[in-house]
Structure formats: structure tokens, C-alpha cells
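Following: one structure in C-alpha cells, then a few remarks.
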Protein chains: 2
Amino acid sequence: MEFSSLSDSAVLAELGERIRRERLNQNRTQAELAADARVGLNVIKRLETGDGCTVSSLIRIARALGKIDALDTLFPEPGVSPLQLARLAGRRRKQASGGRGRRKGSGNG
Amino acid sequence: MEFSSLSDSAVLAELGERIRRERLNQNRTQAELAADARVGLNVIKRLETGDGCTVSSLIRIARALGKIDALDTLFPEPGVSPLQLARLAGRRRKQASGGRGRRKGSGNG
DNA sequence: CATAAACAGCCTTTTTATAGGCTGTAACTC
DNA sequence: GAGTTACAGCCTATAAAAAGGCTGTTTATG
């Protein structure tokens, strides 16, 4: 099963089901997980039934499930060259390069 | 750097920075990503500056970045025994077992 | 410096999430 | 069947996120 083949709402639902399975694997109730994650019981219920939640709540829930490091793999740090890192740490942040030579819509204006 | 050593808000901020780096690695602007993900520009800005968003928005953004399958690793399907799977597929869903023998607060009643 | 793009920060309105409670039902124990 | 637990679904009020626009600053180019 690949997420790329699912719709957005299907991904959300699948995520909720996996969280439920993980919770049940740990033999915990929704109320217990909600208390440990410091979120309302409603948040767990809605998440597990595919209604979604905020990323903040997801982080709390992942931590309560002992899966906070799994978030690390969500967007792993891409290969950033030391030079680019230096620029990132510099004045501001690198903007998407291209500038004038990369205008999209109003190219002939 | 491990997420387990970070606070919830720090995890959120780190996630935002990684998404920004991924976006910049793909040489795209916030406005381009917002359009591709079908979210408001504000959502990208807030996310990248550590203000968070909904999981629905995160899914859209991950898909627009070509990272939708990374969500797959967030909560990988835990090892579910065939027997348990049968119960899951059965009438309802397995509830956290324990029942009366697992009461927490009023255990001496 | 002038121009243009990229972005942060702030604002208003609409939509959604959150907390908490309450009801009905399924599952388990006796 | 009675009692208990776990959960879905619905409800109200509050908080936060979303969309869209506007301003000022930074970055890059000329």
C-alpha cells in the first residue's frame, strides 16, 4: 500500500488507523492516550476516525506513543552543502533563485 | 539531532525548517508550493516559521513536495498478528484489553 | 540607487480544531 | 441478563487555522 496512490483524505484516514493500531498494540485506551498526550479525548477519536487534527496535536500524540523520532523520517534533512548552510546561517535565508530570469506568468509584460 | 530531545514546539519548528529546505532544494517559492499544494500562502509561511498547521495541510504540502510516501514511515504498520487482524476485521475493533482487572484509579473498590 | 522577486508580519473574515459533556452501542466479565 | 469498559457520534463554546490582502524588509540584478 502506497500513500502516493491515495487521496488526501484517504491518507489521513490511513494515518488514523495506524495510530489506532499502534495504540492498541500498546494496550492503551483512547482516554489514556489523550491524557498522556495532553489533548482532549475528542482529538484522539477524531484522528482515529479520519477527521484529522493539527500538527501540534500529532506531535503530542506521537510523543505519547513513543514515536516522536518517527517524525524525524518525515522530512529528513536533505543533503545541504556546507556552502549553502553558511548562506542559510547568514543574513537571512536563501530565496528560491532565478529572480527575473524565472518569471512564470507575466513573461511578456 | 533527535526529536526526542526537543520540545513539542521545537519539533514543530524543526519540521518547518526542513520543509523549507526541501522546498529550496527544489528551487521553488512559497507561492509556487502553496499553489501546487492548494493551500494559502499563509499556510506555507506559518508552517515554515514554526507556527504549525493542520495534518490535512501537511499532507497536501508533502504531496506537492513529492514526499507523500514519507508519511508512510511516520506510523508504519506495526506487526499485527493474523489472529489480531482477524479480530480487527471482525465485528468491531479490538478494544484495549484488561477490563476490570486493569482499572487504574479505583483499584481497591 | 532603482527595480523586481521572495518573504515576514500583521490584519479581517470564514472555517476548522479543541475541550468537555452526554447518549447509545458493542465488547467483555460475571 | 446485569454491570462495566471502550468507543462513536453529536452538541456547545472557545481557540486556532485558513484564505486573501497589504506593508516593509531582505535578496538579487542592473
Side-chain angles (χ1 to χ4, degrees), chain A residues 8-9 12-13 16-17 19-21 23-24 26-35 37-61 84 86-107 109, chain B residues 8-9 12-13 16-17 19-21 23-24 26-35 37-61 84 86-107 109:
Chain A
D8 291 339
S9 59
L12 198 56
E17 285 185 31
I19 286 174
R20 169 173 307 191
R21 261 179 263 176
R23 173 179 64 80
L24 291 175
Q26 298 183 11
N27 201 39
R28 296 159 86 181
T29 67
Q30 290 181 337
E32 287 170 350
L33 179 57
R38 295 177 321 253
V39 300
L41 175 57
N42 243 337
V43 174
I44 306 292
K45 286 200 284 192
R46 284 170 50 86
L47 178 59
E48 290 194 357
T49 51
D51 273 347
C53 64
T54 60
V55 176
S56 292
S57 292
L58 186 68
I59 288 172
R60 290 181 171 203
I61 292 164
Q84 190 175 7
R87 302 185 66 179
L88 285 170
R91 315 189 181 178
R92 202 156 151 262
R93 276 183 173 83
K94 174 182 177 297
Q95 295 181 352
S97 64
R100 307 189 61 184
R102 199 165 144 275
R103 289 157 75 184
K104 291 198 302 186
S106 52
Chain B
D8 291 339
S9 59
L12 199 56
E17 284 185 31
I19 286 174
R20 167 171 304 183
R21 262 179 263 176
R23 174 180 62 80
L24 291 176
Q26 298 183 12
N27 202 38
R28 296 159 86 181
T29 67
Q30 290 181 335
E32 289 169 348
L33 179 57
R38 294 175 323 252
V39 299
L41 175 57
N42 244 336
V43 173
I44 306 291
K45 286 200 283 191
R46 285 170 49 86
L47 178 58
E48 290 194 358
T49 51
D51 273 347
C53 64
T54 60
V55 176
S56 292
S57 292
L58 186 68
I59 287 171
R60 291 180 171 204
I61 292 164
Q84 192 175 6
R87 301 186 67 178
L88 285 169
R91 315 192 178 176
R92 202 154 152 262
R93 275 183 173 83
K94 173 182 177 294
Q95 294 181 351
S97 64
R100 306 189 63 185
R102 200 164 143 275
R103 290 157 74 185
K104 291 200 299 187
S106 51

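Model, not experiment: these values are computed from the prediction. Numbered from 1 within each chain, the chains take letters A, B, ... in sequence-line order.
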Does the protein touch nucleotides 16-23 of chain C at the base, only the backbone, or not at all? Give it as B, S and - per nucleotide, heavy atoms under 4.0 Å.
-SBBBB--
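- Remark: side-chain polar atoms of B:R23 are paired, donor with acceptor, to backbone N or O of B:R28 under 3.5 angstrom.
- What separates CZ of B:R21 from P of C:dC7 is a distance of 15 Å, to the nearest Å.
- Whole-Å rounding puts the A:Q30 CD to D:dT5 C1' distance at 12 Å.
- Whole-Å rounding puts the B:E48 CD to D:dA18 P distance at 13 Å.
- A heavy-atom distance below 4.5 Å is found between the side chains of B:V55 and B:I59.
- Each end of the helix from C:dC1-D:dG30 to C:dC30-D:dG1 gets its own rotation axis from five pairs of C1' atoms, and the angle between them is 60° to the nearest 10 degrees.
- Here D:dC7 presents its P atom at 14 Å from CG of A:L47, a figure rounded to the nearest Å.
- Looking at B:R60, its side chain does come within 3.5 Å of a backbone N or O of B:R38 through a donor-acceptor pair.
- Rounding to whole angstrom units, CG of residue A:D8 and P of D:dA18 are separated by 14 Å.
- B:G50 approaches B:L12 most closely through the heavy-atom pair O-CD2, 3.7 Å.
- Between A:R20 and the phosphate of D:dA8, there is a side-chain N or O to OP1/OP2 separation shorter than 4.0 Å.
- Atoms CG (A:L33) and P (D:dC7) sit 10 Å apart, rounded to a whole Å.
- In this structure the side chain of B:T49 reaches within 4.5 angstrom of the side chain of B:R20, judged on heavy atoms.
- Within the structure, a side-chain polar atom (N or O) of A:R23 is placed less than 4.0 Å from OP1 or OP2 of D:dC7.
- Atom-to-atom, CD1 of B:I59 to P of D:dA18 comes out at 12 Å; the value is rounded to the nearest Å.
- B:E32 places its CD atom 7 Å from the P atom of C:dA6, with the value rounded to the nearest Å.
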